[in-house]
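Residue numbers start at 1 and run along the sequence shown. Remember, it's 1-based here, ligands and their atoms both numbered in the order they're listed.
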Amino acid sequence: MRKHIVAGNWKMNNDLSMTETLISELKKQTITSDAEVMIAPVFTNLWPAYQALKDSDIEVVAQNMHFAESGAYTGEVSATMLKSVGVKTVILGHSERREYFNETDELLAKKVDAALANDMRVIFCFGEELAERKAGKEQEVVGSQIANALFHLDASAFKHIILAYEPVWAIGTGETASPEQAQDMHAFIRKTLADKYGAEVADEVSILYGGSVKPANAQEIFSKPDVDGGLIGGASLKADDFFAIVNAF
Ligand code: PGA
């Protein structure tokens with residue numbers, strides 16, 4: 001059975017003291033659903049977050065990493081460095097990385113390889129822009145983002161991959177894909193995986209939805225059969241809201 005997962009992407013928010021405060025609020029909450037829970041603070045706060053949460057049911061994950069092990073890449077962080085501070089899962093391909101830092105499918109394929117070579121799990125993000133949806137090209141775009149960055153992998157690699165469909169027009173905009181739009185795309189993503197790797201592999205991959213998920217809409221979105229959880233931005237910065245979403249399953 002594939003897992004339910006709710007991951008909070010804190011993006012470039014929360015300094016050290018805010019991180020400590022939010023984590024202490026998260027620790028007061030109770031997980032009443034079967035969801036695996038993750039938070040992704042900024043690099044500088046991964047170690048204190050890991051220390052604070054290592055005996056809890058909340059996993060600390062990273063928002064990004066470089067593909068190289070080490071070397072002359074000023075400002076970058078590698079998989080081994082993440083692992084040395086307790087991080088075992090990394091978000092790759094977020095639309096903000098693609099848009100503001102010019103991350104391409106080709107670069108992301110290298111990052112995915114580096115994460116897997118280091119026995120890390122990957123939350124791989126993708127999604128179409130508004131103009132692409134308006135032109136009816138959302139499946140074409142999503143299909144090629146997945147194929148370009150992941151289809152060089154063996155089927156066994158998908159045990160370590162979580163997919164996150166995040167339509168760019170729904171991220172941070174307050175506009176959410178309707179539960180039906182999310183389900184349609186998630187079913188398409190699962191079929192794309194099944195066509196390449198077989199139904200058994202496709203059925204085991206968790207596919208998260210991201211884009212303005214809130215306590216008010218989480219339950220309806222998560223009720224769809226191919227939606228296995230959420231990648232939560234804004235609403236993950238408040239402990240009550242985040243846990244309302246975690247417990248929406
Ligand atoms: P949002 O962000 O929930 O604030 O829309 C989601 C994301 O970017 O992962």
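Scanning all protein heavy atoms for the shortest distance to atom 4 (O) of ligand 1 gives Gly234 N, 2.8 Å. For atom 3 (O) of ligand 1, the nearest non-hydrogen atom of the protein is Gly233 N, 2.9 Å. Atom 7 (C) of ligand 1 has its closest protein heavy atom at Glu166 OE2, 3.1 Å.
At least one N or O atom of Ser212 sits closer than 3.5 Å to an N or O atom of ligand 1. Considering both main-chain and side-chain atoms, Lys11 comes within under 3.5 Å of ligand 1 through a nitrogen or oxygen pair.
Closest approach of Ala115 and Val90 over heavy atoms only: CB-CG1, 4.0 Å. Minimum interatomic distance between Lys111 and Met65 (heavy atoms only, all atoms of both residues): NZ-O, 2.9 Å. The two residues Ile58 and Ser56 have their closest heavy-atom pair at N-OG, 3.0 Å.
Near Asn9, with a cut-off below 4.0 Å to any heavy atom, the atoms of ligand 1 are 9 (O). Residue Ala170 approaches ligand 1 through these ligand atoms, each under 4.0 Å from one of its heavy atoms: 5 (O).
Under the 4.0 angstrom criterion for non-hydrogen atoms, Ser95 is not in contact with ligand 1. Using 4.0 Å as the threshold, Gly172 has a heavy atom nearer than that to some atom of ligand 1. A heavy-atom separation below 4.0 Å is not found between Ala235 and ligand 1. Ligand 1 has at least one atom lying under 4.0 Å from a heavy atom of His94.
Evaluated for a side-chain contact (heavy atoms from CB on, under 4.5 Å) with Met120, the options Leu92, Val87, Thr80, Thr89 yield exactly one hit, Val87.
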Dump the intermediate steps for side chain to side chain contact (heavy atoms under 4.5 Å, CB included) on Ile232 and Asp241, then the final yes or no.
CA-CA 10 Å; Ile232 319 299; Asp241 286 357; over 6 Å; no
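Using a 4.5 Å heavy-atom cutoff, the side chains of Leu150 and Val112 are in contact.
Outside the 6.0 Å centre-distance limit, the rings of Tyr209 and Phe222 are not counted as a close aromatic pair.
The stretch residues 17-52 participates, sequence neighbours left out, in these ring pair (Phe, Tyr, Trp, His ring centres under 6.0 Å) pairs: Trp47-Tyr50. Pairs of residues two or more places apart, or lying in two chains, never qualify as salt bridge (charged side-chain N to carboxylate O under 4.0 Å, His left out) while including a residue from residues 157-168.
Contacts between Ile171 and ligand 1, counted as non-hydrogen atom pairs separated by less than 4.0 Å, involve both the backbone and the side chain. Contacts with ligand 1 closer than 4.0 Å are made by no heavy atom of Ser236, backbone or side chain.
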